[in-house]
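Worksheet: one structure, shown below.
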Amino acid sequence: MIQNFKITVKELHTFLILWITQSFSQLGSSMTSFALVVWSYQEKGSALSTSLLAVCSYMPYVLLSIFAGALSDKWNKKIILLVCDSLAAVGSVTVLFLIKSGNLEIWHLYLINTFNGLMNTVQQPAADVTMSLLVPQKHYQKTSGMRYLSNSLVTLLAPILASALLALTSMEAVILFDLFTFFVAFITLLGFVNIPEILDSSSAKKDPLFQSVRCGLKYLKDNRGILDLILFLAAINFLASIYNAALPAMLLSRKGGGENVLGIVNACTGLATLAGSMFMTFMPAPKNRVRIIFNSLLFSMSTENFILALGRNGAAWCLGAIAGWLFIPVMGANMDVIFRTKIPASIQGRVYATRNSLQFFTIPLGYLSGGILVDRVFEPFMKTQAGNSPWITLFSSGKGSGAAMLFMLIGAAGVVVCLFFRRDKNIWQLESAEKQ
């Protein structure tokens, strides 16, 4: 057992160094994001204004990702990671300067989030391919679970640490910690991580940009199972983004809610994904990954949203968060293994980028829709209801009740989406298809 552990650590040595330091940097970035969401909602009191922060982050990702993947297959992966991280850090420095001078406005954050989103657009395909290059195929499931494990810890710790720093110090302290984590990750990547080149990538480097872009599109056209799985996740992402837009509006404004409750609910989300990630990291390979993907999302959609909609206190909302996120790492890790084993490494950058455009274009639409639905539809609707209305009985009254009503609809829509795509034969054939 000890000997096997030592062998595994040796095989994953470089991955472990990169994973730990990048996760540390992600913690700092997530703390800043959480603090800025709280700041923007307190400044504007609007779900739409807060949602636009996420919309600005994702729009470059959706519009330009397909080109970024082609560039990722052409350029040196390490240089891409270093440059994009550095430019994203410039955004944090800009926010720090604006806060110190007392000039920070919400539109500044929109511009900075758009710029950071552009950096993430170029960086993400390179990061995905890097993991495939550093990890032997037999460890794909384990390392996917480990990546979800670190994401879970970030989700758990970021709101707690950010809230503590905001309470004890100021927004500036949160951003300074973010910059410290960036420097740690940057120095480690620069001096201690060697990313190997893809042996058969010469054609990708020579192909014109648009020909490389067409390669990713053609692969998905010829592999309908992967394409349909991506479209399924795009539909889920749309609903999940509406959820993300409505959650701060409901928890920050409802009776029994507030900034601390939002942080606790986010922490429960982190604990749930942490448990799911640990389970996925150590569990044996399942017999049917597609079934696990569908069952995990069906359970999530059919529990969390209804509990959030009908809950009246922090305990109920925490229970909903745990139910909704417990099996998300299990779903994500199995999906990741399917993609990495079936898509050749030499074209993963292009295919992953095409996937990103298709799978994530619904996220800004969801955030925008969620903000509009809360502010313009459901909150005004609930204000017009009389005290004996069945809607008041279900969702209570006051600000935040409209967001609660929206959660009920999200849950119903999520169940319908899962059952609809569950009938897709192309997706199920991924289990029987030979690995490429």
- Query: Between I236 and C418, is any pair of side-chain heavy atoms under 4.5 Å apart?
  - Reply: yes
- Closest non-hydrogen atoms of N76 and K78, given as atom of the first, atom of the second and distance, are OD1-N, 3.0 Å
- Message: I need the minimum non-hydrogen distance between F34 and P159, along with the two atoms involved.
- Response: CE1-CB, 3.7 Å
- Message: What I'd like to find out is whether the side chain of P60 reaches to under 4.5 Å of the side chain of T114, using heavy atoms alone.
- Response: yes
- Query: Can you find a pair of side-chain heavy atoms, one from F378 and one from S401, that are under 4.5 Å apart?
  - Reply: no
- Do R340 and Q141 meet the criterion of a side-chain donor-acceptor pair at a distance under 3.5 Å? no
- Query: What are the two closest non-hydrogen atoms of A246 and L406, and how far apart are they?
  - Reply: CB-CD2, 4.1 Å
- Item | Evaluation steps, side-chain contact (heavy atoms from CB on, under 4.5 Å), between M335 and L233 | CA-CA 10 Å; M335 180 189 68; L233 295 172; 2.6 Å; yes
- Can you spot which of F420, F421, F238 makes a ring-ring contact (aromatic ring centres under 6.0 Å, His included) with F232? F421
- Message: Angle between ring planes, F299 versus F327, binned at 30° and 60°: parallel, tilted or perpendicular?
- Response: perpendicular
- Item | N295 and R422: side chain donor to acceptor below 3.5 Å | yes
- Classify the angle between the aromatic ring planes of F186 and F182 as parallel (below 30°), tilted (30 to 60°) or perpendicular (above 60°). tilted
- Task: Kindly indicate whether the side chain of L81, heavy atoms from C-beta on, has any atom under 4.5 Å from the side chain of Q22.
- Result: no
- Might you work through the side-chain contact (heavy atoms from CB on, under 4.5 Å) test for Q26 and N151, ending with a clear yes or no? CA-CA 8 Å; Q26 183 186 355; N151 290 338; 3.0 Å; yes
- Message: Would T362 and N237 count as a side-chain hydrogen bond (donor to acceptor under 3.5 Å, both in side chains) here? Give the steps.
- Response: CA-CA 6 Å; T362 54; N237 282 339; 4.8 Å; no
- Nearest heavy-atom approach of R254 to S396 is NH2-CB, 3.0 Å
- Item | Residue R376 excluded, over 12 heavy atoms near CZ under 6.0 Å | no
- Query: Are T21 and T188 close enough, and set up right, to give a side-chain hydrogen bond (donor to acceptor under 3.5 Å, both in side chains), and what steps lead you there?
  - Reply: CA-CA 7 Å; T21 54; T188 302; 4.6 Å; no
- Parallel under 30°, tilted from 30 to 60°, perpendicular over 60°: which one fits the rings of F177 and F24? perpendicular
- Could you give me the CA-CA distance, side-chain angles and deciding distance for I106 and W39, then say whether side-chain contact (heavy atoms from CB on, under 4.5 Å) is met? CA-CA 9 Å; I106 189 71; W39 178 88; 4.3 Å; yes
- Item | From CH2 (W391) to CZ (F381), nearest 0.5 Å | 6.0 Å
- Message: Side chains of M31 and I175, heavy atoms from C-beta outward: is any pair under 4.5 Å?
- Response: no
- Message: Quiz question: by atom type and distance under 3.5 Å, do the side chains of S300 and W325 form a donor-acceptor pair?
- Response: no
